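Comments concern the structure below.
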Amino acid sequence: MAELEGLEFGKSDFVLLDEVTMEQFMENLKLRFDKGRIYTYIGEVVVSVNPYRQMDIYGKETIEAYRGRELYENPPHLFAVSDAAYKAMKRRAKDTCIVISGESGAGKTEASKYIMQYIAAITNPSQRAEVESVKNVLLKSNCVLEAFGNAKTNRNDNSSRFGKYMDINFNFNGDPTGGHINNYLLEKSRVVQQQDGERNFHSFYQLLRGGSDEMLKSFNIQNDPAAYVYTKEGAAIATSNNDRSSHKAVMNALEVIGFSKEEINSIYQILASILHLGNVQFESDGESVQIRGLDAVNLISDLTGTDKEIVSKSLLYRTVATGGGEVIEKGHTEHEACFGRDAFAKALYERLFGWIVGRINAVIEVKDYNPVLHGKNTVIGVLDIYGFEIFDNNSFEQFCINYCNEKLQQLFIELILQQEQAEYQREGITWQHINYFNNQIIVDLVEQSHKGIISILDEACLTVGKVTDTVCLDSMDTKLAQHPHYTSRKLSPSDKSMEFKKHFRIRHYAGDVTYSVEGFLDKNKDPLFQDFKRLMYNSANPVLKEMWPDGQLSITEVTKRPLTAATLFKNSIVALVDKLACKEPYYVRCIKPNEVKSPVLFDEARCRHQVAYLGLLENVMVRRAGFAYRQHYTRFLQRYKMTCEYTWPNHLMESDKEAVEIIITQHGFQDDVAYGQTKLFVRTPRTLFTLEQERTALIPILVLFLQKVWRGALARMRCRRMRAIYAIMCCYKRYKVKAHFWEVERRFANVRTMADYGRSVEWPTPPAALSQFHNNTVMWWARQIVKNIPPSDMLEVRAKVAALTALGGERKDWGISRAWERDYLANERDCPQTSTSFIRVSKELRNKDEYSQVLFSGFCRKVNRFNKSTDRGFLVTDKYVYKLEPKKQYKVLKRLPLDSFTGLSVTSGVDQMVALHTASQDDVLLCVQRGELCPNQDRVGELVGSLVDHFTRSKQAHLLH
């Protein structure tokens, strides 16, 4: 049974109903529709209810959820049946088929699209180009066939007016390699006449509303369907399809499939010809019939590549051969001319549709396939065919369609019964006979040789003389009077729902259908005068010529009567049934919930009728015959083993079958089951639901238990991982510390013998754990070096340290590598002529101002506020700054207290500019001059270091006091 759906959504499989009654079936179907569950199983059959809205259940995530899964593992879905058919084909190399049935508007076409979409999505994972090409053609063929074979009806905006069976060929890898399409009973009468509220085929409106101006002009047609007799009935009818965008999609699909531009143009030329043909009008003067205006005839001639006179002649006369071989021309009556025109239009469209299908088949059919080289070629067939039809006026088309459904229903019941019986025999379970309605009697009523309705119709069509529909009805009444499923007004005079000489009724498996016999013979003969066939065969258009090979025969050569439409259809349906019977079938049964296309309305009476004629209740009975549910022992054990202490989490029995027996015995269900060879058979759904309820109650407990165990396992894994990480970190840290000390030892091994005591040795980068220790070590090492510096050099060292701190790397060269002398004016090497005079002045100033230390002295160039510069000497002491005149024996020109300066500024370049800032903003700007013996000597750093060191020590002394 399907998982992941609660009981609030009803039973996901009708087999699990408590009682198999129509009431319970409908109640479950309605509940699931109301809850948005449009799919339900009957075993492996999918019942699909048209939701009349877009549903987000067909995307990539859904495809992945159903890929390779069993039916019972996910909620019911089209994809589940598609995957089951694909798995059977691929794993067991069996040909399979998916039969989609239901009435018009039930969603058959959409279902076939989704099946094709799923098969395309799960195949060719390696993206081989040739396989992708086949998939694209198969998918695009749907678009083309819908345009030319579908129409807007009162029941459905996109109703398929033909039956379609598509074989998809697969190689041994399960990739599509080709295919073949069969079409059945195109409703060609729609070309010339539609019921009220319905349209002609989509292709006409797509051409008129979506064709380019250039195309329409070349065909001499206008973009107004109301201008043409065959399309004016549907011109104003609204539809959910966009004709303009659909036309573009069809043109693109034709190109992808491989139609040439000339072939595409020919297709639409033929459509335009049919439109012009519908506008041909006739008039009679009592003796002969003429065409009213030849404009339409001339256009038809141009579009079909035929002679104008021969076109007119074919519409007005027909050529017949007498018994003596003489050929004569027989003129039409006005009625015959109109009938011939419409028959020609229908035949043109039917031949066009058949040619398109054949052209698609020529592209997708497998060519040169060698089973020895490529392995067995397996097939999945998809059948999308019209469902049972009951209209107010049922004609020949409905008769054929309903006969087709009788044949398919017969096959459906037979195959389901065969499958069930074969499974029971394989498993060693006793088979019980099942009573069901066998519709062979109805099939025989229609198709039996010499006695069936088709034989009676054919006999009437072959009879020489004037045989009417009424005469044919009398013949059926005579021959079928005793048949329990046939009646007419003549046979049942009291039944006033039928008319004399017009109606007959067949009691189908789906219900009684009353048919109108009017037009039966004409539609069965499907008459088309040979003149039209020869006209088209002699066309200059090669596509048209290819469509009419039977036109090459002359009138005297045409002797054999063609098979009637009913016989042709019967033969094709018999061949289809034979083809389906040799495949493993899967079914999609589509149901239309209401007539107004509402997504919320569930018309119970309407749905009940469809359930009845689709035989769904009988299907449930067949499936439930004796046993409602069966499952492989392994899968049953996997699902329910938690309900028994002896099988959870794993059993110790010799086989899964014994473990399943223990589960059943512990719950007391041994009288409600049977044990097959590989499967367990459960008789009543109640047993299964009891197990399901117990399983549902246990799952939260098991989930919590598994979560607890798993969380504990995760925590233990994390703990072990963290311990391992910390152990590795500790070992690595110890190694890094040791490695650092080894490197320090290596680098500083010989520093005692170095002149700078290792000051030039670069320290290795320490690990993060030793960063503080490294800083302390460096400071300690620095103190060791400093201890060895003579006291006389300490003043210079402090000044250099102060300069280094103050400049902070902003100035590239500031004299750190040379010895600082400070008092350069007193140095005889720097000032040999004036040093004596300066020393004398310096002593006088020391005595006068009582300063204790010269911080700096030297020559400079003074710049005043007027941008004039003069050479001066300057002396910086611990109390004052003096400006001196070197040319006048170092006369003091100005004296400023040292504590009046608030700061100084220097540049980052190599110049010697210094700005001394004062509190009164009377700054002093000077350029320190280099020594004569050392012209590249930088003295700015020395001045900065001396001043910063002095102020720093003064501040520290002040703080101590």
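Keep in mind the model is a prediction, meaning the values are calculated, not measured.
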Only counting residues at least two apart or in another chain, list the ones meeting side-chain hydrogen bond (donor to acceptor under 3.5 Å, both in side chains) with Tyr66.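 Expected list: none.
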
Arg746: which residues meet the side-chain hydrogen bond (donor to acceptor under 3.5 Å, both in side chains) condition with it, sequence neighbours left out?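 For Arg746 the side-chain hydrogen bond (donor to acceptor under 3.5 Å, both in side chains) partners, ignoring immediate neighbours, are Glu743.
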
Are [X] and [Y] close enough that some pair of their side-chain heavy atoms sits under 4.5 Å apart?
| X | Y | answer |
| --- | --- | --- |
| Ile119 | Phe170 | yes |
| Asp923 | Leu916 | no |
| His77 | Tyr58 | yes |
| Gln956 | Thr952 | yes |
| Ser842 | Tyr851 | yes |
| Phe951 | Leu898 | yes |
| Thr907 | Arg811 | yes |
| Val841 | Gln889 | no |

Could you state the interatomic distance from [atom1] ([X]) to [atom2] ([Y]), rounded to the nearest 0.5 Å?
| X | Y | atom1 | atom2 | result |
| --- | --- | --- | --- | --- |
| His917 | Ser900 | NE2 | OG | 13.0 Å |
| Ile257 | Leu139 | CD1 | CG | 10.0 Å |
| Leu714 | Cys719 | CG | SG | 13.0 Å |
| Ser837 | Lys888 | OG | NZ | 14.5 Å |
| Tyr86 | Phe79 | OH | CZ | 15.0 Å |
| Arg798 | Lys800 | CZ | NZ | 14.0 Å |

Give a yes or no answer on whether the side chain of [X] reaches the backbone of [Y] with a donor-acceptor pair at less than 3.5 Å.
| X | Y | value |
| --- | --- | --- |
| Trp820 | Gly815 | yes |
| Arg209 | Arg244 | no |
| His651 | Leu637 | no |
| Ser857 | Leu875 | no |
| Lys135 | Ala120 | yes |
| Asp911 | Met913 | yes |
| Asn136 | Val256 | no |
| Ser133 | Ala129 | no |
| Arg747 | Glu762 | yes |
| Arg818 | Asp938 | yes |

For the residue pair Trp763 and Phe748, categorise the inter-ring angle as parallel (less than 30°), tilted (30 to 60°) or perpendicular (more than 60°).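 Trp763 and Phe748: tilted rings.
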
Classify the ring geometry between Phe859 and Tyr890 as parallel (under 30°), tilted (30 to 60°) or perpendicular (over 60°).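 Ring orientation of Phe859 relative to Tyr890: tilted.
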
Mind listing the closest non-hydrogen atom pair of [X] and [Y] along with its distance?
| X | Y | value |
| --- | --- | --- |
| Arg822 | Leu855 | CD-O, 3.4 Å |
| Thr765 | His740 | O-ND1, 3.8 Å |
| Arg53 | Gly36 | NH2-CA, 3.8 Å |
| Ala802 | Asp949 | CB-N, 3.8 Å |
| Met116 | Asn142 | CG-ND2, 3.9 Å |
| Ala919 | Thr902 | N-CG2, 3.7 Å |

More than 12 heavy atoms of other residues, nucleotides or ligands under 6.0 Å from [atom1] of [X]: yes or no?
| X | atom1 | answer |
| --- | --- | --- |
| Asn847 | CG | yes |
| Phe741 | CZ | yes |
| Met717 | CE | yes |

Salt bridge check: are Glu844 and Arg840 linked by an N-O gap of less than 4.0 Å?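 Looking at Glu844 and Arg840, the cut-off is met.
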
Under the side-chain hydrogen bond (donor to acceptor under 3.5 Å, both in side chains) rule, what pairs show up with a residue in residues 871-887, not counting sequence neighbours?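 Qualifying pairs: Asp849-Tyr882, Ser852-Asp878, Arg861-Asp871, Asp871-Gln929, Arg872-Glu885.
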
Going by side-chain hydrogen bond (donor to acceptor under 3.5 Å, both in side chains), name the pairs with one or both residues in residues 701-718, residues two or more places apart or in two chains.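 Listed by first then second residue: nothing to list.
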
Verdict with reasoning, Val944 to Val914, per side chain to side chain contact (heavy atoms under 4.5 Å, CB included): CA-CA 9 Å; Val944 170; Val914 177; 5.9 Å; no

For Asp823, what residues pass the salt bridge (charged side-chain N to carboxylate O under 4.0 Å, His left out) criterion, not counting sequence neighbours?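 Salt bridge (charged side-chain N to carboxylate O under 4.0 Å, His left out) list for Asp823, sorted by chain: empty.
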
Side-chain donor-acceptor pair under 3.5 Å between [X] and [Y], yes or no?
| X | Y | value |
| --- | --- | --- |
| Thr62 | Tyr118 | no |
| Tyr824 | Glu942 | yes |
| Glu810 | Ser908 | no |

Test Tyr114 against Glu110 for side chain to side chain contact (heavy atoms under 4.5 Å, CB included), laying out the working first. CA-CA 6 Å; Tyr114 288 129; Glu110 290 301 309; 4.2 Å; yes

Criterion side chain to side chain contact (heavy atoms under 4.5 Å, CB included) on Cys731 and Arg734, from CA distance to verdict: CA-CA 5 Å; Cys731 293; Arg734 285 197 295 270; 3.4 Å; yes

Just do the side chain to side chain contact (heavy atoms under 4.5 Å, CB included) check on Leu896 and Val924 with the steps written out, would you? CA-CA 11 Å; Leu896 294 171; Val924 178; 4.3 Å; yes

Can you name the ring-ring contact (aromatic ring centres under 6.0 Å, His included) partners of Phe901, sequence neighbours left out?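 If we apply the ring-ring contact (aromatic ring centres under 6.0 Å, His included) test to Phe901, skipping adjacent residues, there are no hits.
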
Phe874/Phe856 aromatic ring centres below 6.0 Å: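 Ring centroids of Phe874 and Phe856 are less than 6.0 Å from each other.
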
